[in-house]
Number of protein chains: 4
Amino acid sequence: MKALNQLIEQGTVTDPESARGRLLSKAAHLFKEKGYERTTVRDLAKSVGIQSGSIFHHFKSKEEILRAVMEETILFNTARMRLALDECKTSRDKVLALIRCELESITGDTGEAMTVLVYEWRSLSEENQKRILALRDVYEQLWITSLEEAKQDGYIEADTFILRRFLTGALSWTTTWFNPKGGLSLEELAEQALLLAIK
Amino acid sequence: MKALNQLIEQGTVTDPESARGRLLSKAAHLFKEKGYERTTVRDLAKSVGIQSGSIFHHFKSKEEILRAVMEETILFNTARMRLALDECKTSRDKVLALIRCELESITGDTGEAMTVLVYEWRSLSEENQKRILALRDVYEQLWITSLEEAKQDGYIEADTFILRRFLTGALSWTTTWFNPKGGLSLEELAEQALLLAIK
Amino acid sequence: MKALNQLIEQGTVTDPESARGRLLSKAAHLFKEKGYERTTVRDLAKSVGIQSGSIFHHFKSKEEILRAVMEETILFNTARMRLALDECKTSRDKVLALIRCELESITGDTGEAMTVLVYEWRSLSEENQKRILALRDVYEQLWITSLEEAKQDGYIEADTFILRRFLTGALSWTTTWFNPKGGLSLEELAEQALLLAIK
Amino acid sequence: MKALNQLIEQGTVTDPESARGRLLSKAAHLFKEKGYERTTVRDLAKSVGIQSGSIFHHFKSKEEILRAVMEETILFNTARMRLALDECKTSRDKVLALIRCELESITGDTGEAMTVLVYEWRSLSEENQKRILALRDVYEQLWITSLEEAKQDGYIEADTFILRRFLTGALSWTTTWFNPKGGLSLEELAEQALLLAIK
DNA sequence: AATGAATGAGTATTCATTCAT
DNA sequence: TATGAATGAATACTCATTCAT
């Protein structure tokens, strides 16, 4: 939560208790459940108990809401990942931390928003795609750096470029099947995923 | 092509040369490119050079087209996988064959349709989702069986249930980054993917 | 009517009996009566007995309807004026013919459209304004030429540039007060207007 | 300015320095430029540097603003015309004074409001139209009286009723083409206009 | 007086689907 | 089979107006 509070204070991320924040949270939920296109502005308004016209006091268009959902999620998860990396000693620890963080972001609180990020990409205008892409690059850089480090330390044999892409797919797909309250803990899942990368 | 011809003769899959077949192919392309919701019936009609009203002589609704795209793709890829498995001796070979087949289906001719299958799932009515799910189960059974076999043969250490899911994600994600005409061949990619499963 | 038939055959002007033509006529009426902004697409549709969505089979936007009303009116009146000029001998006759034509267009069949042309100008996009302006220039050229001729023949003393503008205002304003079925005939009105220009 | 000060003191016309006065002035500008319908209350508020809600402390509706713009303009121009007439000796002088006053009102300080008066008439409710019409009658009476006088004095031959209407149109149209800072002075323009009426 | 969030009825436009030809 | 005009419900978005602060 340290990361979150800091970002809120900076104004980088919306306070989830505010009207705008509640809307974003509900939007992530609806966009995941029904898809962006099939979610109407009226649906969004209803979900937070206001009239549809009032939405446009907070966001100037429906797409703006989608962009905010995506943008804030990346910013938050990047910050969270940075904090986690800071506490790691070995490069093996770092890779595990990255996996754990990504799994948390996908299966935990920001899970719906992460799904939206993957599935609703095409609904973004080109301009907004570029904006998000720039943020995504920052996030990916953290991965690339740590994987390279682990490879130099001999933990990894495979091509790190390909490996990162396999991991991206494997981890993001967990949203479709992993239940954090089921028999398998997130920590165990992370360990299993680590096996994909490190022998 | 053996698989395809057989399915066409059975009437299970549409002849890609027929009017209906061409429409399905163009539909897969458009649905992938723009998304199902953003593709209008007029777009579809235009792409095959007919008027929008005429679409409904071939399919009774737009959703029907989506269902057909998905259904035929699964049927075809299941058949193709079966043929490939028939030619394998060891369980290790089988796993590699499955990976190769899935990569072919994702990055080759049926790639667009496979992407649609993953990304446009929610646009299907519940009833149609069930229908596709049933076909998917048949396909997945081929995987589960082979992975179990490979585990009993000592090739695999991990949990096969989790492993299959990791692989599903990792392989389907290749659609976003793998270029069959690039420096990495599909065969090499399959070998790299096998490393995720087998040490 | 010669002018009209010819233009219809050319496809320059819409046949008033066609669906599109009837809509344009009703649109001119409503735009004059309520103003363009206050006339809804639903109003337009209702006035010709179709559903609002069907409007967009004939015109791709509401503004397109406004543009067509204006454009066709200018084209028609330019053609009508040309025919009238052809039958004149003296330059005095020509000026009277121009006045008569303009009064006819303002107080007669195209009166509503002419009013729209004056009052709804700002509702046109810049691009469409340019388009109409080009047509208007052709029309104005007929006036300028004839007034100059009359001045050289000694009928007119005033500056023709200023005179044309005074006449434009004076004649267009007749739409607000002149009733063709009242005590004053259009011919008498034209004679009175001629007095503004010629002594 | 005598006329203005007197009207302000009476409370008949708003002091242009007051908040309300500044709003009316900006409103006239915006209504002319964009049209009444296309000018939003937010536009109006922004133009005087307040929030949209605050508008309604000065006027109880948007239409009220339009009415005030129109009403105050007529009142002011009627007063100005009365003062001008008081200084005339002959009926010819009076007609010239009327023309000069009307041109001043159209092309000078109240020009934007005068344009609004002509072009936004239909945006007024019937009740408000009546109210303005009553004020307009007072204004028109000054014209009719003077024209009749000039006719009896032999300056005018034409029908005064028709002549006034021709003049109304001719003069109001100057707003579209006359530039007070151009080569032609307002006084010269007035003389040219007088020629329309008097030989 | 001023704010600014909220309202809710209204707008132009889109689009899958129908059906007479 | 194919057409294409017509449907009508649905959509994102606008905006004058209200009102608690």
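Basis for what follows: all heavy atoms, side chains included, without hydrogens, waters or symmetry-related copies. Every chain is numbered from 1 and lettered A, B, ... according to where its sequence line falls, protein lines coming before strand lines.
A cation-pi arrangement is present between D:K62 and D:Y36 under the rule of less than 6.0 angstrom and at most 45 degrees off the ring axis.
With a 4.5 Å cut-off on side-chain heavy atoms, D:W121 and D:L66 do not count as touching. Looking at heavy atoms from C-beta onward, C:K46 lies out of side-chain contact with C:D43 at the 4.5 angstrom threshold.
Of the two residues contacting DNA chain E, namely A:H58 and C:K60, the nearest-nucleotide position lying further toward the 5' end is that of A:H58. Mapping C:F56 and D:I55 onto DNA chain E by nearest heavy atom places D:I55 closer to the 5' end of the strand.
With a 3.5 Å ceiling on both atom-pair distances, the Watson-Crick or G-U wobble partner of F:dG4 is E:dC19. In this entry E:dA1 has no Watson-Crick or G-U wobble partner, no candidate having both defining distances under 3.5 Å.
Inspection of the D:E72 and D:T14 side chains reveals an N or O donor paired with an N or O acceptor under 3.5 Å. A side-chain N or O of A:E63 and one of A:S125 form a donor-acceptor pair less than 3.5 Å apart.
The two residues B:N128 and B:R67 have their closest heavy-atom pair at OD1-CD, 3.1 Å.
Chain D approaches DNA chain F within less than 4.0 angstrom (heavy atoms of the protein), and the contacting nucleotides run 5' to 3' from F:dC15 to F:dT18.
A heavy atom lying under 4.0 Å from DNA chain E marks the following residues of residues 26-52 of chain B, by number: B:T39, B:T40, B:V41.
Interatomic distance, CD1 of B:I65 versus NZ of B:K60, reported as 12.0 Å (0.5 Å rounding). Within the model, atoms NZ of C:K130 and CG of C:L124 stand 12.5 Å from one another, a figure rounded to the nearest 0.5 Å.
Distance NE2 (A:H57) to C1' (E:dG8): 12 Å, rounded to an integer number of Å.
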